[in-house]
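For reference, the structure is listed below as structure tokens.
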Amino acid sequence: MEFSMRHLPRAVARSLFPAAIAGVFALGPYPAGAAEDDAPKGPAVTVLKVAKSCFSDIVEATGTIIAREETSVRPERPGLKVTEVLAEAGQTITAGQVLARLALPEGGTLQVTAPVAGVIATSTAQIGNFASAKGEALFTIVARSEYDLVGLVATTDIRKLAVNQQATVRIAGAGDIDGKIRRIGPTVEQNIQQGMVYIGISSQKRLLLNASGRALIKTGQSCNVAVPLTAVQYSSAGTVVQVIRRNRVETKRVEIGLMSGGNIEVRDGLNDGDVIVARAGALLREGDPVRPVMASAEAAK
């Protein structure tokens, strides 16, 4: 039915006019329903954009420090008394250096010198004691200051090792020392299913024999998408990561690889630039609407 507002009482017309204007704007070219559909809904979720990174394949070996070669120092003649001691255990020495002097029966002295350079590991030399040509050595020397870390490696990792591979050896009190694999044992300890590896160390630092050490051996490298460990979920369905697309949660099954520094390699299932939930949880399900908050923006607050 059509009618003119001039046929209505003035008071009624005045009350209807604002409502009519509002209706015109509501029915304009941008419907309210469309704007509401585009607006983010659901809980705020911290997200991040994934990128490629390189991961080192590290094999770990734990063991003890031994001398690669020990040289014993004794006098050639028996029954000589020690009159002077010029070196002690722990001291770094050079080849030919005088370590002690012994009294000869016919008078005079005999000098005991180091046959090789290195570090004195032990010493029994004491003034007044007799030195023996066959008994306990006056000195034992770690020849050329060369040591080995004799370490155990899981059998699953032995196949990755090769002679001359570089290693970082960590020893309590001595810090990190460079080393490399000298030899790989041919057998496996049956009870523990671990193999033996010999990692050579040359250091001017004083190393304590039989001290515990740990070697990190880089055996390879892999470059793929990296995600934080907190973004990965493990379930009966496999390993999954929650991806955000159009402000909704999508659960993606992924194949994971190496780990490093709180991140894990994703070999399949994600692409460079995908936006994922930084800390995945059971509260988020497939298709749930969310309000993404970029991790970098959150950190800047």
Side-chain angles (χ1 to χ4, degrees), residues 54-74 89-90 92 95 114-124 134-137 139-224 229 234 239 255-261 263-265 267:
C54 291
F55 293 79
S56 296
D57 192 357
I58 302 294
V59 171
E60 185 173 320
T62 56
T64 55
I65 303 300
I66 66 170
R68 185 182 308 175
E69 180 187 334
E70 277 192 343
T71 301
S72 298
V73 181
R74 298 179 178 87
T92 300
V116 293
V119 176
I120 298 176
T122 63
S123 172
T124 62
K134 294 184 179 180
E136 194 172 21
F139 302 93
T140 57
I141 301 172
V142 179
R144 298 171 296 279
S145 301
E146 293 177 340
Y147 300 83
D148 279 342
L149 171 71
V150 182
L152 292 173
V153 178
T155 53
T156 53
D157 289 330
I158 287 180
R159 60 182 177 79
K160 302 177 183 178
L161 302 182
V163 172
N164 291 327
Q165 280 178 335
Q166 298 298 312
T168 299
V169 180
R170 294 177 176 173
I171 306 168
D176 291 357
I177 302 174
D178 292 335
K180 66 179 179 180
I181 294 179
R182 286 200 317 108
R183 183 158 64 91
I184 301 169
T187 61
V188 170
E189 294 290 332
Q190 186 174 0
N191 294 336
I192 58 175
Q193 287 299 295
Q194 290 183 319
M196 196 168 289
V197 60
Y198 294 79
I199 300 171
I201 308 167
S202 293
S203 174
Q204 296 305 311
K205 296 181 180 179
R206 180 184 175 185
L207 303 182
L208 299 177
L209 299 179
N210 301 318
S212 297
R214 181 164 63 104
L216 304 177
I217 308 161
K218 183 177 178 180
T219 62
Q221 183 174 271
S222 181
C223 297
N224 276 300
L229 290 170
Y234 303 90
T239 308
E255 179 189 342
I256 58 175
L258 303 173
M259 290 186 288
S260 176
N263 290 327
I264 190 166
E265 172 192 16
R267 294 177 174 170

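Numbering starts at 1 and runs along the sequence shown.
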OG of S56 to CD of Q221: how many Å apart, nearest 0.5 Å?
5.0 Å
Identify the residue among R267, E255, E265 that makes a side-chain hydrogen bond (donor to acceptor under 3.5 Å, both in side chains) with N224.
E265
Check for a donor-acceptor pair, side chain of T219 on one end and backbone N or O of D57 on the other, with a separation under 3.5 Å.
yes
Counting only heavy atoms not in Q190, do more than 12 sit closer than 6.0 Å to its CD atom?
no
Steps toward side chain to side chain contact (heavy atoms under 4.5 Å, CB included) verdict (V119, I141):
CA-CA 5 Å; V119 176; I141 301 172; 6.0 Å; no
Do the side chains of R74 and E136 get close enough for a salt bridge, i.e. N-O under 4.0 angstrom?
no
Minimum heavy-atom separation for I264 to F55, with atom names?
C-CZ, 3.6 Å
Is there a donor-acceptor contact under 3.5 Å from the side chain of T124 to the main chain of A137?
yes
Between I171 and S212, the two heavy atoms sitting closest are CG2-O, 3.8 Å
Drop me the distance from I120's CD1 to T71's OG1, to the nearest 0.5 angstrom.
11.5 Å
Could you tell me which residues satisfy salt bridge (charged side-chain N to carboxylate O under 4.0 Å, His left out) with D157, sequence neighbours excluded, listed by chain and number?
K160
So how far is it from S72 OG to E70 CD, rounded to the nearest 0.5 Å?
7.0 Å
Cut-off 3.5 Å, side chains only: do T140 and T122 have a donor facing an acceptor?
yes
Nearest-0.5 Å distance that lies between atom CD in Q194 and atom CD1 in I158:
8.5 Å
I need the R68 CZ to R183 CZ distance, nearest 0.5 Å.
11.0 Å
For D178 versus I201, what's the shortest heavy-atom pair and its separation?
O-CG2, 4.1 Å
Taking atom OG1 of T168 and atom CD of E60, what is their separation to the nearest 0.5 Å?
12.0 Å
Shortest non-hydrogen contact from L209 toward A121
CD1-CB, 3.9 Å
Does the side chain of Q193 reach to within under 4.5 Å of the side chain of V188, using non-hydrogen atoms?
yes
When you look at Y147 and I66, which way does the side chain to side chain contact (heavy atoms under 4.5 Å, CB included) test go after all the steps?
CA-CA 6 Å; Y147 300 83; I66 66 170; over 6 Å; no
Given T62, L149, D176, I177, the one that forms side chain to side chain contact (heavy atoms under 4.5 Å, CB included) with R170:
D176
Residues L161, I217; criterion side chain to side chain contact (heavy atoms under 4.5 Å, CB included); working and verdict:
CA-CA 8 Å; L161 302 182; I217 308 161; 4.1 Å; yes
Of all heavy-atom pairs linking Q165 and A162, the shortest is OE1-N, 3.0 Å
With the side chain counted from C-beta on, respond yes when R214 and V169 share a heavy-atom pair under 4.5 Å apart, and no when they do not.
no
Residues R182 and D148 bridged, charged N to O under 4.0 Å
yes
Taking all atoms of both residues into account, what is the closest heavy-atom pair of A95 and P115, and its distance?
CB-O, 4.2 Å
